[in-house]
Each structure stands twice: as C-alpha cells, then as structure tokens.
Amino acid sequence: MDYHRELVLILDFGSQYTQLIARKVRELGVYCEIYPYNLSIDTISAMKPIGIILSGGPKSVFDEDAPKCDEGIFSLGTPILGICYGLQLITQIFKGEVGKSKKREYGKAHIYIDREDPFLKGLSDGDVVWMSHQDRIYRMPEGFLSIAHSDNSPYAVIKKEDSNIYGVQFHPEVHHTKKGKEILRNFLYDICGVRGLFSPKSFVELSVEKIRDTVGNGKVICALSGGVDSSVVATLVHKAIGNNLCCVFVNNGLLRKNEAQEVLDLFKDRLHLNLKYVDGEERFLKALENVKDPEKKRKIIGRLFIKIFEEEANKIGKVDFLAQGTLYPDVIESVSFKGPSATIKSHHNVGGLPKKMKMKLLEPLRELFKDEVRVVGKELGLPDNVIYRQPFPGPGLAIRVIGDVTGERLHILKEADSIVREEIERKERFRHIWQSFAILIPVKTVGVMGDERTYANVIALRIVESEDAMTADWARIPYDILDRIARRIINEVPGVNRVVYDISSKPPSTIEWE
Ligand code: XMP
C-alpha cells in the first residue's frame with residue numbers, strides 16, 4: 001500500500017526540533033514531509049495531506065517579520081496541530097492574544113487535564129512535558145477550548161471546539177516530554193485517522209516498484225564505497241533491476257585494513273551484485289607522492305576517483321542513470337528547497353560526480369533520514385557491520401597519515417587502526433561512539449624495548465562522541481580499554497613505540513587531524 005496516501009505535512013517555522021517532529025511521526029508509521037512555512041495553499045491542497053503540523057520557531061508572532069502560513073489551511077477540514085510557535089500562530093489567526101511571558105518557561109513542567117479529549121488519551125494529571133518558550137496565550141482564540149494547563153501556562157493544550165485543530169505549548173517531539181509519543185500517536189491515529197502505512201517493508205516494496213517504473217530496461221551505475229548509504233542504495237536498486245545495475249568499487253588503497261576484501265565478499269560473493277572492482281592503489285599512491293597539504297590531498301583523491309569512475313562508466317557503454325545516496329536532510333537543506341533566504345551549508349560530500357556525465361539521477365533514499373536508512377538496510381538483509389559502520393572520510397587514510405603518504409606509512413596506520421576497530425568499533429557496547437580511529441603523526445620519539453633504545457613512530461587515538469559531526473567531544477573510554485589498545489599497538493605494530501590519546505573537543509578542534 002502506498003504510504004504517500006497518508007501524508008502528514010510539517011510546516012517549518014524554524015524550530016531546532018522540526019526534523020525531530022518528522023522522525024517521531026515516521027517512527028509511528030506515518031510518512032511525513034517538511035516544507036517551508038509559506039508553502040502555497042494550492043500546493044498544500046494538491047498534496048491532500050491527512051494532517052498538518054505547524055512546528056515551533058524562534059520568532060514571536062507579533063514580530064514584524066514573523067513567519068505566517070497561508071490561513072487557507074484552516075478551511076481545508078484537515079486536522080492541524082500547532083506546536084509552540086504553531087500554537088501561538090493559531091491563537092493570533094483566530095483572534096486570541098499572545099504576549100511575552102513574565103517568566104520564560106524553559107525545561108520541565110507538569111500538565112493538568114481540564115477536559116477529556118481523545119488527543120490526551122493515556123495522559124494523567126502531573127505528566128511531565130518539555131517547555132521552551134517566551135510568549136504565551138493571554139486571551140484564548142475565538143471558538144477554542146483549553147483542554148490542559150501547566151503551572152505557568154493556563155492554556156497548555158487547546159482545541160477548536162467544532163473541528164480538529166489543536167495546539168500545544170510544549171514540545172511533544174522531544175523525549176523529555178514523557179508521553180510525547182502517545183500525544184503524537186493520538187493526533188495521528190485518533191484525530192487524523194491514519195492506519196500507519198509507512199514501514200521499512202513498505203518503503204522497500206514501493207521503492208522497488210518505483211525504481212522498476214523509472215528505469216525500465218535502462219542501465220544504472222552506482223559508486224559503491226561500502227559505507228551505509230551507498231550499500232543500501234546498491235542493494236535496493238539491485239533488488240529492483242538485478243544486473244542492469246552495475247556497481248563500481250574503486251579501491252584507492254586508502255581504505256581501512258581488509259575493507260576492500262570485505263566489500264567484495266559481501267556484495268559480489270554473498271549478495272551477487274554486478275560489481276566491478278577497480279584496483280587503483282598504485283595510481284592513488286603515485287598521485288599523492290610528496291603531497292603534504294591536506295587540501296591538496298583531498299583534491300587529488302577526489303579528481304582521480306572521478307576520472308577512474310568515468311573510465312569505468314565508458315567501458316560499460318550506454319548508461320542511463322546514476323544512483324546516489326542522497327538523504328532527506330540533504331533535500332531539505334538544499335537551496336532550491338528552502339528558497340532564496342536559505343543559508344547554504346557547505347559540507348564535505350557535496351560536489352561528487354560531474355554533470356557532464358549526462359545521466360539522470362536515481363536517488364531512492366531521498367525520503368529517508370539516516371537512522372531510517374539503517375533500518376531499511378536491515379530489512380534488505382545487510383549485516384550489522386555495514387549498517388552500523390562509522391562515518392569514514394572520502395579521502396580515507398590519506399588524511400590520517402599526517403604529512404607524506406607512503407605505502408610503508410599507510411601500512412603502519414592500517415595495522416594500528418585495525419586494533420582500534422577490533423577494540424571499539426566492533427564491540428556492541430561502543431556503538432554510541434561516533435568515530436574511533438588511529439592517526440599516524442610525522443614525529444618520531446624515543447623509547448626502550450628490551451635493552452635497546454628505539455626511535456619510532458607515534459600513533460594518536462581519536463575516539464569521539466557526536467550527534468551530527470558538527471560538534472564532538474572525546475569519549476571517556478575506560479582506562480583499561482585504552483591501556484589494552486596502547487599495549488596491543490606497541491607490541492603488534494612494528495615501527496610504533498608510543499600511543500597518545502586526543503582529548504580535544506570540536507570546536508575548537510576538528511574530528512580529523514587534517
Ligand atoms: P571534521 O574533521 O571536519 O569532520 O570534524 C567532520 C566529519 O566529516 C568527515 N570528514 C570528511 N568526509 N570527506 C568526507 O567525505 C572529507 O574530506 C572529510 N573530512 C572530514 C569526518 O570523518 C567527520 O565524520
């Protein structure tokens with residue numbers, strides 16, 4: 001069943017929690033999409049949403065440049081839920097009064113139910129909710145009832161008497177609101193009347209159908225790196241069109257130990273993908289000879305990758321589509337989506353393959369958040385070591401061998417790094433770790449081994465926790481584990497006599513050293 005038939009629209013007024021609302025709605029089995037607050041009423045009605053959620057936002061409704069949605073949405077007969085700013089906007093539109101609170105209400109609060117309503121099914125007096133607002137309702141909008149209050153907000157949940165328009169002053173989407181999920185479930189299932197058609201299984205089924213429709217008998221090419229996104233894209237497209245998908249896996253020699261072999265074993269031997277393996281190790285090493293500057297390394301590696309990928313594409317002959325792992329956050333952060341006021345976020349993965357390749361793009365993961373990609377990967381039968389793989393930079397180990405990248409130095413780093421992987425990344429208890437890896441520093445230090453003085457390499461360990469790589473902190477790994485990693489590296493990797501632990505946070509440092 002097509003889950004788009006139960007589309008919930010989220011209009012974004014700039015809240016830091018907007019994406020969280022979307023993720024919660026989807027966790028409840030309902031497909032939703034985020035759009036800018038000023039989406040036109042014609043577009044909205046054409047989409048036939050089953051429910052509309054107005055997000056929170058940093059502005060006050062009485063600010064001159066306060067964002068407003070088209071008031072036509074209130075005449076569609078579609079259930080609407082306003083969250084925080086959304087509630088205040090509803091209040092203003094329906095001629096209530098919003099003003100500055102004397103006290104900013106931030107953090108935990110308790111709500112008390114004033115009137116029974118299906119929206120609050122399963123809630124009880126005193127339940128904890130999470131507030132984050134400065135403004136509050138002073139006079140109720142016309143035709144609305146208060147169905148719950150908190151200590152500081154006499155109108156914490158409101159409802160339009162004769163229709164399904166609701167507003168909440170708190171944030172049901174954040175996990176501190178203890179029964180937030182129940183509230184959203186009530187809104188979706190009891191007020192909007194959804195059946196909950198969105199699941200990893202329905203996503204895979206529909207995607208397979210769509211890919212077949214789009215591609216027909218055409219040919220698709222995909223650059224497989226072994227990372228989560230490209231692995232899921234490749235497996236999904238392969239499920240849809242079999243050998244009309246050709247994957248190209250370029251081994252640049254800058255991957256972690258055994259990684260190239262693992263990718264081949266899984267995708268070629270176990271999943272039987274039509275996979276072209278290109279051993280580019282020597283070409284990359286040659287191109288990197290005597291290059292120390294990290295930005296130069298990045299450019300050289302990026303360009304050479306594209307060149308090799310193009311060579312391989314030309315060998316295949318006519319290719320109609322290029323499959324890519326674009327995700328939903330890339331879509332909503334893109335300029336064309338947000339309009340001219342958008343701030344352009346520059347991140348490492350933009351750019352990619354050249355436009356002159358003249359292929360149409362196939363982006364089967366455009367609707368998904370990262371955690372949903374993982375669940376879909378599981379649904380497709382991919383193993384945990386692919387699904388929970390840590391992010392890995394495109395330029396690979398070249399930016400973790402600080403300074404000159406030689407075969408010998410790469411070898412030392414790969415051996416040390418593989419010990420970190422065994423002790424951290426492969427252990428379930430450390431799954432919350434964002435990235436854990438080794439770095440080879442271009443400095444030699446003195447040590448003693450047996451009766452001999454050594455003069456050898458230093459390995460740094462970088463193990464960080466993060467939500468999104470924008471900020472990060474060093475992980476408080478138990479000393480005995482750090483001790484074990486250090487001992488193993490020094491004993492097992494020839495040419496290393498010292499291990500240090502990086503205890504800087506981002507900012508002001510970065511996760512990678514180069
Ligand atoms: P930094 O070092 O800026 O890294 O804190 C943030 C995240 O991006 C990854 N990273 C890269 N990824 N190409 C990539 O595809 C790159 O050149 C690159 N540099 C850093 C890094 O591993 C971390 O996850």
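No experiment lies behind these values; they were computed from the predicted model shown. Order of listing sets the numbers, starting from 1, for every ligand and every atom in it.
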Exercise. Starting from the C-alpha separation in whole Å, work towards a yes-or-no answer on salt bridge (Lys or Arg N to Asp or Glu O under 4.0 Å) for K201 and E379.
Key: CA-CA 7 Å; K201 192 160 177 280; E379 175 71 29; over 6 Å; no
Geometric N/O contact [X] with ligand 1, under 3.5 angstrom:
X    : result
R298 : yes
A469 : no
I511 : yes

Self-check item: side chain to side chain contact (heavy atoms under 4.5 Å, CB included) between D502 and V464, worked out
Solution: CA-CA 9 Å; D502 180 349; V464 296; over 6 Å; no
Taking 4.0 angstrom as the limit and counting only heavy atoms of [X], give me the atoms of ligand 1 inside it, by number and element.
X    : result
P395 : 13 (N), 16 (C), 17 (O)
W434 : 24 (O)
G394 : 12 (N), 13 (N), 14 (C), 15 (O)
K506 : 1 (P), 3 (O), 5 (O), 6 (C)

Quiz item: What do you reckon, does W513 put a non-hydrogen atom under 4.0 Å from ligand 1?
Solution: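 Distance cut 4.0 Å: W513 fails for ligand 1.
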Quiz item: Under 3.5 Å, is there a donor-acceptor pair linking the side chains of S436 and Q390?
Solution: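 Side chains of S436 and Q390: pair found under 3.5 Å.
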Quiz prompt | Stacked cation flag R26 on Y328, 6.0 angstrom / 45 deg | solution =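 Output yes; distance and angle both within limits.
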Quiz prompt | Within 6.0 angstrom of E289 CD, more than 12 heavy atoms from elsewhere | solution =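 Yes.
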Quiz item: In terms of heavy-atom contacts, does CZ of R487 have more than 12 from other residues, nucleotides or ligands at under 6.0 Å?
Solution: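 Atom CZ in R487 is not packed in, count stays at 12 or less.
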Quiz item: Between L288 and L254, does a side chain to side chain contact (heavy atoms under 4.5 Å, CB included) hold up when you go through it step by step?
Solution: CA-CA 11 Å; L288 286 168; L254 306 168; 4.1 Å; yes
Exercise. Indicate, as side chain, backbone, both or neither, the part of E512 found under 4.0 angstrom from ligand 1 when only non-hydrogen atoms are considered.
Key: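 Within the 4.0 Å criterion, E512 contacts ligand 1 through backbone and side-chain atoms alike.
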